[in-house]
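Reading through the structure tokens given below for one structure.
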Amino acid sequence: VIYEDRSYNLWIGTMGAGLDRYVPEKQTFIHYTSVSNTSLNSDGKSLSSPAIKTIFEDNKGNLWIGTEGGGLNLLNKNSNTVTWFQSNYKIKTAIANNDIRALFQDSKGTFWVGTANGLSVLNYNDMTFSYPEINNLLPNKVINGILEDAAGNLWISTNKGISRYNVDKKTIRNFDVKDGLQGNDFNYTSLFKSASTGEMYFGGINGFNVFRPEEIADNTVKPEVLL
């Protein structure tokens with residue numbers, strides 16, 4: 001995964017060799033160490049896993065790194081210190097799963113973490129996580145991507161299609177191959193929203209789908225029953 005932050009640094013996450021930052025003005029790379037055994041305790045400097053799946057900078061300037069198996073990492077870009085957030089079934093406010101596949105902050109500032117076991121929402125006040133009700137509505141809990149449309153709805157790709165979630169009403173509409181999707185399985189970090197048109201792109205195992213969210217309407221006409 002490659003991610004550009006607000007300072008125009010390029011962050012390169014690999015699936016085994018950890019994380020690097022490219023500093024354009026110096027044309028140099030900075031490598032961030034990671035532990036090879038995710039059961040080890042954090043030393044405050046190393047990432048929890050060398051397998052990086054997703055990177056995201058929130059509106060507070062925090063850089064979040066989602067890993068495979070090591071949970072979520074918070075990197076302080078000034079001090080280069082790292083804080084781990086990992087799943088723990090004994091702690092209700094822990095993150096849902098250690099396979100982090102999607103990171104997104106919506107227009108209201110809510111920070112969503114997509115995992116292999118559903119969505120978690122960050123509470124910035126105490127840096128804990130909640131397990132929102134949407135997880136009970138999703139057809140599949142492997143979260144591969146999250147985008148937001150102009151109306152504030154979240155579009156979430158999973159391993160069983162794409163779901164449109166109305167955050168205010170807490171209602172969901174699930175779409176699958178019967179609705180014209182390339183397949184039910186989508187790939188993590190394989191998504192894009194056009195800033196000019198609002199079109200959304202989601203990539204999956206059989207290609208990709210592109211659509212304008214405002215043009216996706218439910219058919220409210222009930223079919224005629226013939227006896």
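Side-chain atoms of Asn166 and Thr171 form no donor-acceptor pair, as typed in the model, at a separation below 3.5 Å. For Thr115 and Asn117, the side-chain atoms include no donor-acceptor pair closer than 3.5 Å. Side chains of Ser34 and Ser46: no donor on one and acceptor on the other come within 3.5 Å.
Residues Tyr131 and Gly118 come closest through the heavy atom pair OH-CA, 4.4 Å. Of all heavy-atom pairs between Leu181 and Ile162, the closest is CD1-N, 3.7 Å. Summarising the geometry of Met15 relative to Ile52, their closest heavy-atom pair is SD-O, 3.5 Å, with the distance given to 0.1 Å. For the pair Ser130 and Pro132, the tightest heavy-atom approach, listed with the atom from each and the gap, is O-CD, 3.3 Å. Considering all non-hydrogen atoms of both residues, Ser79 and Thr81 come closest at OG-OG1, 2.8 Å. The shortest non-hydrogen separation linking Asp185 to Asn159 is OD1-O, 2.7 Å.
Remark: side-chain polar atoms of Asn123 are not paired, donor with acceptor, to backbone N or O of Met127 under 3.5 angstrom. With hydrogens and angles disregarded, a donor-acceptor distance shorter than 3.5 Å links the side chain of Thr158 to the backbone of Lys160. With hydrogens and angles ignored, the 3.5 Å screen pairs no side-chain donor or acceptor of Gln86 with any backbone N or O of Leu72. With hydrogens and angles disregarded, no donor-acceptor distance shorter than 3.5 Å links the side chain of Asn144 to the backbone of Asn187. Side chain of Asn73 to backbone of Ser48: a donor-acceptor contact under 3.5 angstrom is found.
At a threshold of 4.5 Å between non-hydrogen side-chain atoms, the residues Asp168 and Lys108 count as touching. The closest side-chain heavy-atom distance from Lys193 to Tyr201 is not below 4.5 Å. For the pair Tyr188/Thr54, no side-chain contact is recorded, criterion being any heavy-atom separation below 4.5 Å from C-beta on. Contact check for Val167 versus Leu154: side-chain heavy atoms found under the 4.5 Å cut-off.
Ion pairing of Lys77 with Glu57 is present here, as a side-chain N (NZ or NE/NH1/NH2) and a carboxylate O approach within less than 4.0 Å. Salt-bridge formation is detected for the pair Lys178/Asp176: a Lys NZ or Arg NE/NH1/NH2 atom is positioned less than 4.0 Å from an Asp or Glu carboxylate oxygen.
Taking OG1 from Thr33 and CG from Leu19, the interatomic distance works out to 10.0 Å, rounded to the nearest 0.5 Å. Of the inter-residue distances, the one linking Asn174 atom CG with Asn184 atom CG reads 10.5 Å to the nearest 0.5 angstrom. If you take CD on Glu68 and OG on Ser49, they are separated by 7.0 Å, rounding to the nearest 0.5 Å. Here Ser120 contributes atom OG and Leu103 contributes atom CG; the two are 11.0 Å apart, rounded to the nearest 0.5 Å. Note that CG of Leu63 and CG of Leu74 are 8.0 Å apart. Values are rounded to the nearest 0.5 Å. One distance of note links CD of Glu148 with OG1 of Thr110; it measures 9.0 Å at 0.5 Å rounding.
At most 12 heavy atoms of other shown residues, nucleotides or ligands fall within 6.0 angstrom of atom CD in Gln27.
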Please list, one pair per line, the donor and acceptor atoms closer than 3.5 Å that link side chains of residues 205-217 to other protein atoms, with sequence neighbours excluded.
{"from": "Asn206", "atom 1": "ND2", "to": "Gln182", "atom 2": "O", "distance (Å)": "3.2"}
{"from": "Asn209", "atom 1": "OD1", "to": "Gln182", "atom 2": "N", "distance (Å)": "2.8"}
{"from": "Asn209", "atom 1": "ND2", "to": "Gly180", "atom 2": "O", "distance (Å)": "3.2"}

Determine all donor-acceptor pairs shorter than 3.5 Å in which one atom belongs to a side chain in residues 90-98; sequence neighbours excluded.
{"from": "Asn97", "atom 1": "OD1", "to": "Asp99", "atom 2": "N", "distance (Å)": "2.8"}
{"from": "Asn98", "atom 1": "OD1", "to": "Ser87", "atom 2": "N", "distance (Å)": "2.7"}

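Placement of Tyr124 and Trp84 within a single hydrophobic cluster is found when ILVMFWY residues are connected by side-chain heavy-atom separations under 4.5 Å, directly or transitively. Placement of Phe192 and Phe104 in two distinct hydrophobic clusters is found when ILVMFWY residues are connected by side-chain heavy-atom separations under 4.5 Å, directly or transitively. Val113 and Ile143 are not part of a single hydrophobic cluster, where members link through side-chain heavy atoms under 4.5 Å apart. Under the 4.5 Å side-chain heavy-atom criterion for Ile, Leu, Val, Met, Phe, Trp and Tyr, Phe175 and Phe186 are members of the same hydrophobic cluster. Val23 and Ile55 fall within a single hydrophobic cluster, where Ile, Leu, Val, Met, Phe, Trp and Tyr side chains are chained together by heavy-atom contacts under 4.5 Å.
Both the sub-6.0 Å distance and the 45° axial angle are not jointly satisfied by Lys170 relative to the ring of Tyr165. Both the sub-6.0 Å distance and the 45° axial angle are not jointly satisfied by Arg6 relative to the ring of Tyr8.
Among Tyr3, Tyr22, Tyr32, Phe56, the one residue that satisfies the ring-ring contact (aromatic ring centres under 6.0 Å, His included) test with Trp11 is Tyr32. A ring-ring contact (aromatic ring centres under 6.0 Å, His included) with Phe111 holds for exactly one of Phe129, Phe85, Trp64; it is Trp64.
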Item to complete: Before giving the answer on side chain to side chain contact (heavy atoms under 4.5 Å, CB included), spell out for Leu119 and Ile146 the whole-Å C-alpha distance, their side-chain angles and the decisive distance to 0.1 Å.
Response: CA-CA 10 Å; Leu119 287 158; Ile146 309 168; 3.6 Å; yes

Item to complete: Check the pair Gln105, Asn59 against side-chain hydrogen bond (donor to acceptor under 3.5 Å, both in side chains), reporting the backbone distance first and the verdict last.
Response: CA-CA 8 Å; Gln105 188 167 40; Asn59 60 11; 3.2 Å; yes

Discussion item. Side chain to side chain contact (heavy atoms under 4.5 Å, CB included) for Asn9 and Glu4? Distances and angles first, verdict last.
Written reply: CA-CA 6 Å; Asn9 295 302; Glu4 184 180 49; over 6 Å; no

Worksheet item: Does the pair Thr83 and Asn76 meet the rule for a side chain to side chain contact (heavy atoms under 4.5 Å, CB included), with working shown?
Response: CA-CA 8 Å; Thr83 304; Asn76 185 311; over 6 Å; no

Item to complete: Decide yes or no on side chain to side chain contact (heavy atoms under 4.5 Å, CB included) for Leu47 and Val35, but give the supporting numbers first.
Response: CA-CA 6 Å; Leu47 298 173; Val35 298; over 6 Å; no

